[in-house]
2 protein chains.
Amino acid sequence: MLIETIDDPDDARIAAYRDIRERDLTGRQGLFIAEGEVVLRTLLSDASLCRPRSVLIAANRVDGLRGLLETVPAGTPVFAVGQDVLDRIVGFPLHRGILALGEKPLARTLDAVLADLPEQAVVVAASEIGNHDNIGGLYRNAAAFGAAAVLTDDRCGDPFYRKSIRVSVGAVLRTPGAAAPSLEALVDALEAARFEVIALSPSAIEPLKGLKPGGRRALLLGSEGPGLPASVMARTRTVGIPMAGGFDSLNVSVTSALGLYQLTQPQA
Amino acid sequence: MLIETIDDPDDARIAAYRDIRERDLTGRQGLFIAEGEVVLRTLLSDASLCRPRSVLIAANRVDGLRGLLETVPAGTPVFAVGQDVLDRIVGFPLHRGILALGEKPLARTLDAVLADLPEQAVVVAASEIGNHDNIGGLYRNAAAFGAAAVLTDDRCGDPFYRKSIRVSVGAVLRTPGAAAPSLEALVDALEAARFEVIALSPSAIEPLKGLKPGGRRALLLGSEGPGLPASVMARTRTVGIPMAGGFDSLNVSVTSALGLYQLTQPQA
């Protein structure tokens, strides 16, 4: 492992890390920033679908993370900088002290992702989930319950946004995903691939609790506010989670975990 | 409803709202700040355990929220200010445009809270949950599944922190709570009140999925990192949620929802 020391925040070698908060808002073609030790461990693991392009680390973290740094592929540069230089590069105090620049997986069509899945598979399908914490939470739960993929429509946030990756505890980097041009196209593709689409909705009559694991199922989640459109609910099986008196509803990431739990855990 | 207009950010009548972000860090004896329409609606509802002391609103929100403002008790002042004055009072751009100062419920002992509960009751017991989003999430889930109380040990964050209340969607203001001097005291009190303490732990053998609703149960949750101490796990029933290959664990708020779901929803 060769570590290159950098003293100048304007060094061209670390240009991709500059002002990452502002760049988060504009997106970056094909690349993402991984933040913190846990996420980096996923990026460098065999389970990762992504490749690291470089690593940027506070010099005082190098000794503590030497084991992890030794798993960085040969030829991938590791840049060490002082904490003050690091903070100036990224534009805010970066307590986690380690970042990596990664390459997103090659984009695959929804049909291609679905075609690869086994006969027993649960996928998460999300519509209009803009909040980055929620997208990250969906991925974290999907990985925890062994969902085969997370599928999004055109109104979901980018899972490769830095905060989404962090909230997902790295799951975004290891769980196959695909984006559909619309919610309708997402449901069409799932049905064409013989997935039973199960929409979670507070207004549903059938309780989630009645479902049993098995087969090809897609758990469809809409935004917390308006929820899924009636036209989509009309063509899908719709299940709900009865709530205690008058309380509005659950967070969408929590709801995804409940659906995945019900669809993947065998009755004891 | 009488609305008092304020033009001076230093007006003594709104001193409690000044620089709320810094005050969040120091706490405030017996009072809290409620933020946003949804939380305020809970504070002003019959379900609330707390009383409003005043309301501070951006003048351009008054018409849209007139119905809500009419539920403010007589004698509780409503202060209207320009958005720019509001931002200067609170110390940052307050897009939600409405705040209230509330009085916490009178602190009750753990034993007193537990003594009031019926024979069929589920409570959430939390140890070392410092993160304000997670505390808020616990309350939101507790309210959604009709848990009778949320009990915390001495190492949990204050549920009445502004962000916790907001994440709870107001549930902190309507769900009974009590703080124990230690985790051991919390478990002691639960056992003395004939609650079965069910600890959720990734290392447990017994699956959560095997539990059925009924009786007095306490769902005990520890921090995401170290988890519950072995001494506590040894004296409680310990259940887990089997996770897919190698993935670490779920967020504690998500875990609480899964436990509550299992302990409150009848098998369909």
Side-chain angles (χ1 to χ4, degrees), chain A residues 38 41-42 45-47 122 133-134 136-148 167-171 174-175 202 205-213 224-225 239-262 264-268, chain B residues 38 41-42 45-47 122 133-134 136-148 167-171 174-175 202 205-213 224-225 239-262 264-268:
Chain A
V38 175
R41 206 171 283 284
T42 301
S45 74
D46 290 343
V122 174
D133 290 85
N134 285 337
L138 288 183
Y139 268 89
R140 181 175 182 177
N141 298 334
F145 287 108
V167 171
S168 83
V169 200
R174 45 174 281 178
T175 307
I205 310 268
E206 184 182 355
L208 172 65
K209 200 75 192 262
L211 298 181
K212 290 185 173 42
E224 283 179 49
V239 302
I241 303 162
M243 294 286 106
F247 202 74
D248 210 21
S249 76
L250 295 163
N251 165 272
V252 66
S253 159
V254 168
T255 305
S256 75
L258 293 166
L260 288 164
Y261 173 77
Q262 189 65 35
T264 62
Q265 305 254 313
Q267 190 64 40
Chain B
V38 175
R41 207 171 282 284
T42 301
S45 74
D46 291 343
V122 174
D133 290 86
N134 286 338
L138 289 183
Y139 268 90
R140 182 174 182 177
N141 298 335
F145 287 108
V167 170
S168 83
V169 200
R174 45 173 283 174
T175 308
I205 311 270
E206 185 182 355
L208 172 66
K209 199 75 192 259
L211 299 180
K212 290 186 173 41
E224 283 179 48
V239 302
I241 303 162
M243 293 286 106
F247 201 73
D248 209 19
S249 76
L250 293 163
N251 164 272
V252 66
S253 160
V254 168
T255 304
S256 75
L258 293 166
L260 288 164
Y261 174 76
Q262 189 66 34
T264 63
Q265 304 254 313
Q267 190 64 42

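Convention: sequence-line order gives letters A, B, ...; per-chain numbering from 1.
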Close side-chain approach of K209(A) to P266(B), heavy-atom, < 4.5 Å:
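No; the side chains remain at least 4.5 Å from each other.
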Just do the side-chain contact (heavy atoms from CB on, under 4.5 Å) check on Q262(A) and Q262(B) with the steps written out, would you?
CA-CA 10 Å; Q262(A) 189 65 35; Q262(B) 189 66 34; 5.8 Å; no
What residues, two or more places apart in sequence or in another chain, satisfy side-chain contact (heavy atoms from CB on, under 4.5 Å) together with A171(A)?
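Counting only residues at least two positions away or on another chain, A171(A) forms a side-chain contact (heavy atoms from CB on, under 4.5 Å) with Y139(A), A143(A), S168(A), T175(A), F247(B).
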Among all residues two or more places apart in sequence or in another chain, which pass the side-chain contact (heavy atoms from CB on, under 4.5 Å) test with V252(B)?
I129(B), N134(B), L221(B), E224(B)
Top of [options] for chain A proximity - count of heavy-atom pairs under 4.5 angstrom:
options                            : result
T255(B), D133(B), N251(B)          : N251(B)
T42(B), L208(B), V38(B), T264(B)   : L208(B)
G146(B), A257(B), P242(B), A147(B) : P242(B)

Quick check for you: among A144(A), S256(A), S253(A), G170(A), which has the greatest number of heavy-atom pairs under 4.5 Å with chain B?
A144(A)
Passing option when Y261(B) is tested against L258(A), L250(A), V254(A) for side chain to side chain contact (heavy atoms under 4.5 Å, CB included)
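Per the side chain to side chain contact (heavy atoms under 4.5 Å, CB included) rule, the option paired with Y261(B) is L258(A), out of L258(A), L250(A), V254(A).
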